[in-house]
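So the structure is just underneath, and the comments pick up after that.
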There are 2 protein chains.
Amino acid sequence: MHTSGHSQAPLPSQAPPASKTESILAAAKEAFLAGGFGAVSMDTIAREAGVSKATVYAHFAGKEELFGAVIGRECERRFTGLSIGELDPGDVRASLTMLARRFLELVLSPDALALHRIILAEVTRFPVLGEVFWRAGPERNLSQIETFLQSAAAAGTLALPDTRLAAEQFVGLVRGETQLRHLLRLEGATAMPGIDEIVAAAVDTFIHAFGVRALGRR
Amino acid sequence: MHTSGHSQAPLPSQAPPASKTESILAAAKEAFLAGGFGAVSMDTIAREAGVSKATVYAHFAGKEELFGAVIGRECERRFTGLSIGELDPGDVRASLTMLARRFLELVLSPDALALHRIILAEVTRFPVLGEVFWRAGPERNLSQIETFLQSAAAAGTLALPDTRLAAEQFVGLVRGETQLRHLLRLEGATAMPGIDEIVAAAVDTFIHAFGVRALGRR
DNA sequence: GTCTATAATTGGATAGAC
DNA sequence: GTCTATCCAATTATAGAC
């Protein structure tokens, strides 16, 4: 049942020769995101990572530190590589549609839903998680949307008295109760209204409210 | 330290002579809403309720049943006694303001935030909670809003192609990221923008998007 | 660093007296 | 129905060999 007894043969049979730390973090991520903090044991994590429990404690001081490392990592990994340079302030509808679609696809992804659930669940015990998540996700998203709205306002294609407020309203308009239905795992939540329809309707409403005359009609 | 040794003297010293069942449910509610399912022990609940652990098990089959009873009870207790008969389809702004204000005050209340957190946390382990919560809260709220929107559309004060969709957009518009900031317990979340400002802005945007000509300007 | 084996504590649930 | 005292399983964390 053992792989070697004479030397540390680095034979990469099939599993990637990732470091033990990476194996532990990967196993912990999957377990925590699936079951939360309390429902997961260090034994499970060690077994899934293919190491002994003592090894886990050699890399992380305890369960709480491991949990914090996993969550902080996931928060950072979420909103990376998302640039908005390709947006055209002249084509408001296309730009808003892209922003809305990207937002909705992100928050409805299984990993994001699981992360959302677990952070809300543990923010009382680990208050720092709230700040970490907010800064890594919603705050960055709002900033990007507001940046576009400012350029559109400057270009005269949108009439916005308060771009920060408008960005929040846009996010809320797109989200509606869709994210909540998915967070609650309601049956048929994935089939109810398609992402395309929700996005199109939200963009339409936003443009009706803030678009200049020429854009108000589609 | 004991109250009696010779007979069950029913002296109501100070604590209300509520039934043991009520004491247990009250203690369990406070503990579960504060710490979630995993972080609370039956010992704690029994101690806070002022009874022995065996008594808890005499009233509830186990921890999971007690948890389900507490959560189901809270879900039902939330949206009771809320009628919308006093809304005037002719005064759209006043009616929407009242609906929005009621919604926001409800979802930002400490109990509602705690309930929201714990249900999302445990919906994976107890899938029925998602359905129970949705039906008791968001679904009823959407229905009430849609009912008003239909009357307003019939009165010709709002131009709505899809009242159900419009109701969802209205809820999202009011919520924005405010509820999330409170769920994450971000410092200063309570002071950021006041409820009145958020409500007024959301109603304004909604009327700009869907109001008939005479109502479009404020 | 990594493993096996184990210590030490906690927590869900129950037995039996009253 | 209620209590005290206890059982038993699971869990976090560590000791000691290699």
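Look at OH on A:Y57: it is 16 Å from C1' on C:dT4, rounded to the nearest Å. Atom CE of A:M42 and atom P of C:dT10 are 18 Å apart (whole Å). For the pair A:F60 CZ and D:dA13 P, the interatomic distance rounds to 14 Å; values are reported in whole Å. Residue B:K63 contributes atom NZ, which lies 12 Å from atom C1' of C:dA13 at whole-angstrom precision. Going from atom NZ of B:K53 over to atom P of C:dA13 covers 9 Å, rounded to whole Å. In this structure, A:E64 atom CD and D:dA13 atom P are separated by 8 Å, rounded to whole Å. Between B:R47 atom CZ and D:dT2 atom P the separation is 19 Å, expressed in whole Å. Separating the CD1 atom of B:I45 from the P atom of C:dA13 is a distance of 11 Å, rounded to the nearest angstrom.
Counting heavy atoms of neighbouring residues, nucleotides and ligands inside a 6.0 Å radius, atom CZ of A:R135 does not exceed 12 of them.
In the model, B:E139 has a side-chain atom that pairs as donor or acceptor with a side-chain atom of B:S143 under 3.5 Å.
Across all strands shown, B:V56 has no heavy atoms under 4.0 Å from either base or sugar-phosphate atoms. Backbone-only contact: A:S41 has heavy atoms under 4.0 Å from sugar-phosphate atoms and none from a base.
Relative orientation of the B:F37 and B:F32 rings is parallel, given thresholds of 30° and 60° on the angle between their planes.
Of the two residues contacting DNA chain D, namely A:A54 and A:T44, the nearest-nucleotide position lying further toward the 5' end is that of A:T44.
Exactly one residue among B:R175, B:Q144, B:M98 makes a side-chain contact (heavy atoms from CB on, under 4.5 Å) with B:F103. That residue is B:R175.
Comparing atom distances between the B:D43 side chain and each of C:dT14, D:dA13, C:dG11 picks out C:dG11 as nearest.
Applying the 4.0 Å criterion to OP1 and OP2 of D:dC3, one finds that B:T55 has a side-chain N or O inside that range.
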